[in-house]
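We name chains A, B, ... by the order of the sequence lines, and we start the count at 1 in each one. Not measured: the values here are computed from a predicted model. Only this structure's heavy atoms are used, side chains among them; waters, hydrogens and symmetry mates stay out.
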2 protein chains.
Amino acid sequence: MKEGPDIALIGSLIGDPARANMLTALMGGQALTATELAAQAGVTLQTASSHLAKLEAGGLLTQRKQGRHRYYALSEDEVGLMLESLMGFAAGKGLTRSRPGPKDPALRKARVCYNHLAGDYGVRMLDSLIAARQIEMTDDDDLALTDAGRIRVESLGVDYAALRKSRRPICRTCLDWSERRSHLAGSLGEALLTLFIENGWAKREQNSRAILFTAAGEKAFLELFPR
Amino acid sequence: MKEGPDIALIGSLIGDPARANMLTALMGGQALTATELAAQAGVTLQTASSHLAKLEAGGLLTQRKQGRHRYYALSEDEVGLMLESLMGFAAGKGLTRSRPGPKDPALRKARVCYNHLAGDYGVRMLDSLIAARQIEMTDDDDLALTDAGRIRVESLGVDYAALRKSRRPICRTCLDWSERRSHLAGSLGEALLTLFIENGWAKREQNSRAILFTAAGEKAFLELFPR
DNA sequence: TTCATACTTCGATGTTAGGCGAAGTATGAC
DNA sequence: GTCATACTTCGCCTAACATCGAAGTATGAA
């Protein structure tokens, strides 16, 4: 007994409803202030402050001071992956808090998973890249860009050299809770989503994880990543 | 707010130290009785009973009555994958409960991850299978056996037809918390570990997740799965 | 300097839930 | 039948912690 990592500490951090709401909100990928997170969680500012301090102490969140605001964000990609894995299980058990409302289909179609694209479109993109042999399984990590893939993403406008410089993995799998299949995470996943938004193909919906494609953006995306 | 799956419920289930101990013990893959789990968790039988009821209600555990014993086990592969993901994060943060003791190196070398092989040897096996093009990335799921791979595992003694019949995925990736790389899960991962044990190459250490290879078994394993 | 905003810290309160003793049920052995 | 084991249910206690009001600190604006 008592061997291995201590999952109880992290579980208890996620286990409080107010904190879970905050983490879910931060899965949207944008850094949020303590006041915004308090509203999302449905608690007062004092309570939120205490929760945020605990999450930061537990290593789930990082804080950035900017003027009199404090912006909080998930501390690493790995936190997002972990939360997505919990969501996948919870969704499988039918443990959804909101009745499948009008937002739900939009979330299943395309949403932000911390910093990359998830949902049907996210899965489709990875499938398409693999089918075109632009991403492959490797023995070094889960996924790797092939030479063809590097050329492809550079032609899309991704600064591959910059990605390579960083110590973060370029490609990672992330299990999609709505599709129950993998989509692309890692710094390339982040770069591609950023690109779609900068191109004006898609934009984030405020206060939601949903991603809304424009008509032209959707057309371009579907042509770039055929099924 | 309040969109997406409810992770707080599952987090709180994992967040209690007694329950976390039980789940960690069950990651060993063997079904355990309520009394055994009470001992692992360090609580009385009454307390354990209450915890087990909650874990079962939350869908993390299944129960099987056998005479006057009740055997508990993780309910699905997905629970194991989720717990391993939490452990990966906790280990990364240095949140280990036990000081790196004598057991630790053994655990890092080879251990059970619910029902399949993990640790250095688990990662090595998947690397080797991929390098030999016996497992590949697919657009249907994370991993797939190639034709060469099917022949290979059948020659090792795996009943491939039986695996195919079940609705469970044959190959899955599982992130290894000690190596921080993927190893092979799914029904094939389970079948291979079972095989190693049935062949007498390795055995499970009692009350631990460690897997001990015999000298002959280790030699055979390393030859079968070169780096 | 004065005021306002953004947030933290302190202190008190109240609910929750983990813990266990005691009593109750179920299965098996004799 | 009686006894023993394995486990559950009940009831009570206690400790932990989420919550918020009030007061304190830091930053920026006027």
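Rounded to whole Å, the distance from CZ on Arg19(A) to C1' on dA16(D) is 12 Å. Separating the CZ atom of Arg70(A) from the P atom of dT27(D) is a distance of 8 Å, rounded to the nearest angstrom. Arg68(A) has its CZ atom 9 Å from the P atom of dA30(D), to the nearest Å. Rounded to whole angstrom, the span from the CG atom of Asp16(B) across to the P atom of dC17(D) amounts to 11 Å.
Listed pair His51(A) / dT19(D) meets the phosphate criterion, a side-chain N or O lying under 4.0 Å from OP1 or OP2. A close approach under 4.0 Å does not occur between any side-chain nitrogen or oxygen of Thr44(A) and OP1 or OP2 of dT19(D). Side-chain N/O atoms of Thr47(A) include one lying less than 4.0 angstrom from OP1 or OP2 on dC20(D).
We find that Glu218(A) and Lys109(A) are joined by a salt bridge, their nearest charged nitrogen and carboxylate oxygen being less than 4.0 Å apart. Salt bridge Glu84(B)/Arg111(B): present, at least one basic N to carboxylate O contact under 4.0 Å.
With respect to Leu192(A), the side-chain contact (heavy atoms from CB on, under 4.5 Å) criterion is satisfied by exactly one of Ile197(A), Leu117(A), Leu156(A): Leu156(A).
From Arg172(B), atom CZ reaches atom CG of Leu184(B) across 11.5 Å, with rounding to the nearest 0.5 Å. Leu52(A) CG to Thr47(A) OG1: the interatomic distance, rounded to the nearest 0.5 Å, is 10.5 Å. If you take CG on Asn115(B) and OG1 on Thr194(B), they are separated by 7.5 Å, rounding to the nearest 0.5 Å. The structure places OH of Tyr121(A) at 14.0 Å from CG of Leu193(A), a figure rounded to the nearest 0.5 Å.
Between Tyr71(B) and Ala18(A), the residue anchored closer to the 5' end of DNA chain D is Tyr71(B), taking for each the nucleotide with the nearest heavy atom. Sequence order on DNA chain C of the closest nucleotides to Ser50(A) and Gln46(B) puts Ser50(A) first from the 5' end.
Note on ring orientation: taking the six-membered ring where Trp is involved, the planes of Phe221(A) and Phe196(A) are perpendicular (angle over 60°, cut-offs 30° and 60°).
Taking every nucleotide of DNA chain C with any atom under 4.0 Å from a non-hydrogen atom of chain A, the first and last of them, 5' to 3', are dA4(C) to dT9(C).
End-to-end axis angle of the helix from dT1(C)-dA30(D) to dC30(C)-dG1(D), using five pairs per end and rounding to 10°, comes to 20°.
The shortest heavy-atom contact between Gly58(B) and Leu13(B) is CA-CD1, 3.8 Å.
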